[in-house]
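All residue numbers in this chain count up from 1 along the given sequence. Counting convention: from 1, in listed order, for ligands and their atoms alike.
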Amino acid sequence: MKSEKLKTNNILIVANWKMNPSTPTEAQQLFAAVGKGISDIVGAEVVICPPFVYLSQLKTINYPSTKLRAGKLQTGSQNCFWEDNGAFTGEVSPSMLKNLGCSYVILGHSERKSNLGETREMVAKKVRAALSANLIPVVCIGEQIEKEMNVIFHSIKNSKLKNKKLVLVYEPEWAISTAPNAKPDTSEHAQKAIARIKKIAGNDIPILYGGSTNSKNIRAFIESGTQGALVGSASLDAKEFVQLVKNAAMH
Ligand code: PGA
């Protein structure tokens, strides 16, 4: 299974804002503060995934820094539908997101699986649709690594889509900071899980870690072989998030 690599060997940090913040002004302030904070960091690619409603507004913020205009702070979505248009009330298609300037889309998050009944098959359809629209799917893989990956990989196996960019995230449900008794995975356990993912995905697909990451523990995950992280709670605090990116990108 081949995939074009990410642009460079940069660390990739994807911020999952989930259903936060409550107002467009707060969203704009958070986005701008992160943009400013990361403008001098070398070696990291940062993607902000806000709720759908803020996406177009965040695109239009004008930054003084030319580095940012060069694409340092990118936007992504937290979900998309598997059809491109039509009678699907409430859904948003991959091409709409692409046309809005998104480059990434988070798919298969465990909160969507447990709260909304999203199945592996639905996730696989979304992955196909996102790849077809030239979005980069950031696909969450929980503890049932082989089962989850087989459904996704089977669905793209015999198509040209398999050569497009794809990112995987090892994200055990119990490690997500809002889960009851949540605690981050140990870097040793994450390393073993990532080895299992690589067995199926090969070495060309970047694998991130997700679950209770913060500026203090991020380095251990990067050193254990992940190419970055999917960050929830810590991405809602600009100072903490910028520090996390700094520590992740540290050489
Ligand atoms: P967390 O969330 O960093 O708050 O644990 C990660 C996620 O759910 O993507």
Side-chain angles (χ1 to χ4, degrees), residues 11-22 26-27 30-31 34 38 44-52 54-55 74-80 102-118 120 123 126-127 130 135-145 148 152 166-187 189-190 193-194 197 206-222 224 226-249:
I11 293 296
L12 175 65
I13 303 291
V14 181
N16 178 9
W17 284 5
K18 308 195 180 182
M19 203 168 68
N20 300 291
S22 302
E26 287 170 282
L30 179 56
F31 193 80
V34 171
I38 68 155
E45 206 180 317
V46 181
V47 183
I48 303 290
C49 300
F52 284 136
Y54 300 139
L55 273 169
Q74 303 178 71
T75 52
S77 161
Q78 297 171 19
N79 179 37
C80 70
C102 282
S103 14
Y104 289 81
V105 56
I106 300 170
L107 293 174
H109 194 281
S110 61
E111 285 157 12
R112 297 193 58 81
K113 288 179 177 147
S114 58
N115 298 333
L116 298 160
E118 198 164 280
R120 288 173 195 149
V123 176
K126 291 179 178 197
V127 170
L135 285 174
I136 305 171
V138 178
V139 185
C140 302
I141 305 290
E143 290 247 272
Q144 302 211 301
I145 291 174
E148 295 188 35
I152 289 157
L166 173 74
V167 174
L168 297 169
V169 188
Y170 171 58
E171 185 164 78
E173 230 169 293
W174 46 261
I176 294 177
S177 65
T178 45
N181 309 316
K183 57 171 176 14
D185 200 356
T186 61
S187 50
H189 183 265
I194 284 162
I197 294 176
I207 303 167
L208 316 183
Y209 165 76
S212 297
T213 49
N214 55 42
S215 61
K216 294 193 179 63
N217 65 20
I218 189 68
R219 202 60 225 159
F221 289 109
I222 300 295
S224 73
T226 66
Q227 208 179 321
L230 177 62
V231 184
S233 301
S235 71
L236 295 172
D237 175 338
K239 205 164 155 225
E240 167 65 7
F241 184 65
V242 168
Q243 192 59 49
L244 183 153
V245 177
K246 270 188 196 152
N247 294 351

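The closest approach between a heavy atom of Gly210 and any atom of ligand 1 is not below 4.0 Å.
At a heavy-atom cutoff of 4.0 Å, ligand 1 is contacted by the side chain of Asn16 but not by its backbone.
Below 4.0 Å from some heavy atom of Lys18 lie the following atoms of ligand 1, by number and element: 2 (O), 7 (C), 8 (O). Interface atoms of ligand 1 facing Gly211, defined by a heavy-atom separation under 4.0 Å, are 5 (O). Atoms of ligand 1 found under 4.0 Å from any heavy atom of Ser233, numbered from 1 in the order shown, are 1 (P), 3 (O), 4 (O).
Salt bridge Glu173/Lys113: absent, no basic N to carboxylate O contact under 4.0 Å.
Between the Gln78 side chain and the Lys18 main chain, a donor and an acceptor come within less than 3.5 Å of each other. Judged purely by atom type and a 3.5 angstrom limit, Glu148 uses its side chain to pair as donor or acceptor with the backbone of Gly142.
The shortest N or O to N or O distance between Ser212 and ligand 1 is below 3.5 Å. Considering backbone and side-chain N/O of Gly232, one or more are found under 3.5 Å from N/O of ligand 1.
In this pair, Tyr209 and Phe221 present their aromatic rings parallel. The plane angle is below 30°, not in the 30 to 60° band.
Shortest non-hydrogen contact noted between Cys102 and Ser77 is SG-N, 4.3 Å.
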